[in-house]
Amino acid sequence: MNFSTYLAMELKKIKRSKILLLLCVPVIMMWLPSIINSDKIFDTQQIPISPEHNFFIQGFMGMSWFMIPASLIICVVLLNQTEQRSRGILKMLSLPINTRKLCLAKFVVLLLLAGMQMLMTIAAYMVSAFIASHLQDYSFLLEPSYVCSTVFYLYLAAIPMAAVFWMLVVFLKSPIFSVGIGLASIVPSVLMINTKVWWGYPMSYPFYLLMVEYGKAAKGIYETQISWLPWIPVAVGITIVSLAVSCVGFGRFERR
């Protein structure tokens with residue numbers, strides 16, 4: 001089978017699952033408070049930032065720091081568990097399949113799910129900003145091109161983190177350990193973005209990019225320049241190594 005066949009097979013599996021519904025929950029949780037507390041957006045505490053940018057940054061702060069990583073953790077565990085039910089992975093491995101292609105197909109599905117959640121987030125922002133604008137008689141809506149490009153960069157920044165989480169779930173067969181270690185790895189990202197070696201910790205990438213946007217919107221509060229070197233080579237290296245290790249280890253435990 002070619003790679004597209006594996007990918008189509010994996011997409012059929014998630015149609016029967018409730019993963020997409022689960023991805024909606026954090027999006028609603030992040031943007032509903034923004035509508036309820038829209039009157040407080042004007043209180044910038046003497047920070048030189050416009051209300052519309054403050055609305056955008058505050059809404060995405062929880063998403064980039066916690067909800068995006070947490071959603072990736074939930075997705076990798078659920079994608080892995082689809083093969084564990086009824087010993088499905090053993091049935092798959094008994095067939096003449098390429099485990100590396102299967103592993104990569106699952107990872108691509110993970111990225112597609114993450115992309116769908118990002119689209120949901122953009123839609124939720126637009127709706128919440130529209131409602132808040134009418135409630136406060138002030139336009140909180142930013143240019144769609146700015147919103148989409150910022151969210152797209154957050155999505156790209158989350159790919160190395162997704163690769164690391166996928167590697168963990170391949171080797172940690174207990175979903176409890178996978179979720180526990182994954183959630184524990186989120187917390188240090190707040191500290192890591194303020195160090196010179198933030199680029200070595202992929203869980204901090206989306207949050208770091210958002211803080212850079214915060215620095216651009218509120219001048220003098222945070223740095224506005226990104227050190228592309230050594231960040232990009234390190235991020236690419238982490239992604240490739242994590243995927244390579246995942247492909248090598250995928251299915252080995254079940255074959256023993």
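Just so you know, these numbers come straight off a predicted model, no measurement behind them.
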If you measure only the distance, is there a donor-acceptor pair under 3.5 Å linking the side chains of [X] and [Y]?
{"X": "W65", "Y": "S189", "answer": "yes"}
{"X": "Q58", "Y": "Y214", "answer": "no"}
{"X": "Q117", "Y": "Y155", "answer": "no"}

Kindly state whether the ring of F140 and the ring of H53 have centres lying under 6.0 angstrom apart. no
For a quick test of reading the model, state the closest non-hydrogen atom pair linking [X] to [Y] and the distance between them.
{"X": "A163", "Y": "S246", "answer": "O-OG, 4.5 Å"}
{"X": "S133", "Y": "L141", "answer": "OG-N, 4.2 Å"}
{"X": "S64", "Y": "L210", "answer": "OG-CD2, 3.1 Å"}
{"X": "A157", "Y": "P160", "answer": "O-CD, 3.4 Å"}
{"X": "M63", "Y": "P26", "answer": "SD-O, 4.1 Å"}
{"X": "L154", "Y": "P206", "answer": "CD2-O, 3.2 Å"}

Evaluation steps, side-chain contact (heavy atoms from CB on, under 4.5 Å), between M203 and I186: CA-CA 6 Å; M203 291 72 175; I186 298 173; 5.6 Å; no
Do [X] and [Y] come within less than 4.5 Å of each other through their side chains, counting heavy atoms only?
{"X": "L22", "Y": "L78", "answer": "yes"}
{"X": "M211", "Y": "M61", "answer": "yes"}
{"X": "E213", "Y": "Y146", "answer": "yes"}
{"X": "T150", "Y": "F56", "answer": "yes"}
{"X": "M192", "Y": "V197", "answer": "yes"}
{"X": "K101", "Y": "L104", "answer": "no"}
{"X": "F171", "Y": "V245", "answer": "yes"}

Establish whether [X] and [Y] are linked, either directly or via other cluster members, by ILVMFWY side-chain heavy-atom contacts under 4.5 Å.
{"X": "I131", "Y": "M126", "result": "no"}
{"X": "I68", "Y": "L156", "result": "yes"}
{"X": "F152", "Y": "L142", "result": "yes"}
{"X": "L183", "Y": "I181", "result": "yes"}
{"X": "F60", "Y": "V25", "result": "yes"}

For F130, enumerate each residue passing the ring-ring contact (aromatic ring centres under 6.0 Å, His included) test, keeping only those at least two apart in sequence or located in another chain. H134
Value rounded to 0.5 Å, distance of [atom1] in [X] from [atom2] in [Y]:
{"X": "I122", "Y": "M120", "atom1": "CD1", "atom2": "CE", "result": "12.0 Å"}
{"X": "W166", "Y": "L72", "atom1": "CH2", "atom2": "CG", "result": "12.0 Å"}
{"X": "F66", "Y": "M29", "atom1": "CZ", "atom2": "CE", "result": "8.5 Å"}
{"X": "M67", "Y": "I74", "atom1": "CE", "atom2": "CD1", "result": "8.5 Å"}
{"X": "S128", "Y": "I36", "atom1": "OG", "atom2": "CD1", "result": "11.5 Å"}
{"X": "C148", "Y": "L119", "atom1": "SG", "atom2": "CG", "result": "8.5 Å"}

Evaluate the ring planes of Y138 and F42, with Trp represented by its six-membered ring, and classify them as parallel (under 30°), tilted (30 to 60°) or perpendicular (over 60°). perpendicular
Just say parallel, tilted or perpendicular for the rings of F55 and Y125, cut-offs at 30° and 60°. tilted
Exactly one candidate in Y201, W199, W198 meets ring-ring contact (aromatic ring centres under 6.0 Å, His included) with W231; the answer is W198
Please assess I226 against L209 for the test side-chain contact (heavy atoms from CB on, under 4.5 Å), listing each intermediate value before the final yes or no. CA-CA 8 Å; I226 299 176; L209 282 187; 3.4 Å; yes
Under 3.5 Å, is there a donor-acceptor pair between the side chain of N54 and the main chain of I49? no
Given side-chain contact (heavy atoms from CB on, under 4.5 Å), test T239 with V164 step by step and report yes or no. CA-CA 7 Å; T239 304; V164 172; over 6 Å; no
Could you give me the CA-CA distance, side-chain angles and deciding distance for V127 and W31, then say whether side-chain contact (heavy atoms from CB on, under 4.5 Å) is met? CA-CA 9 Å; V127 172; W31 286 107; over 6 Å; no
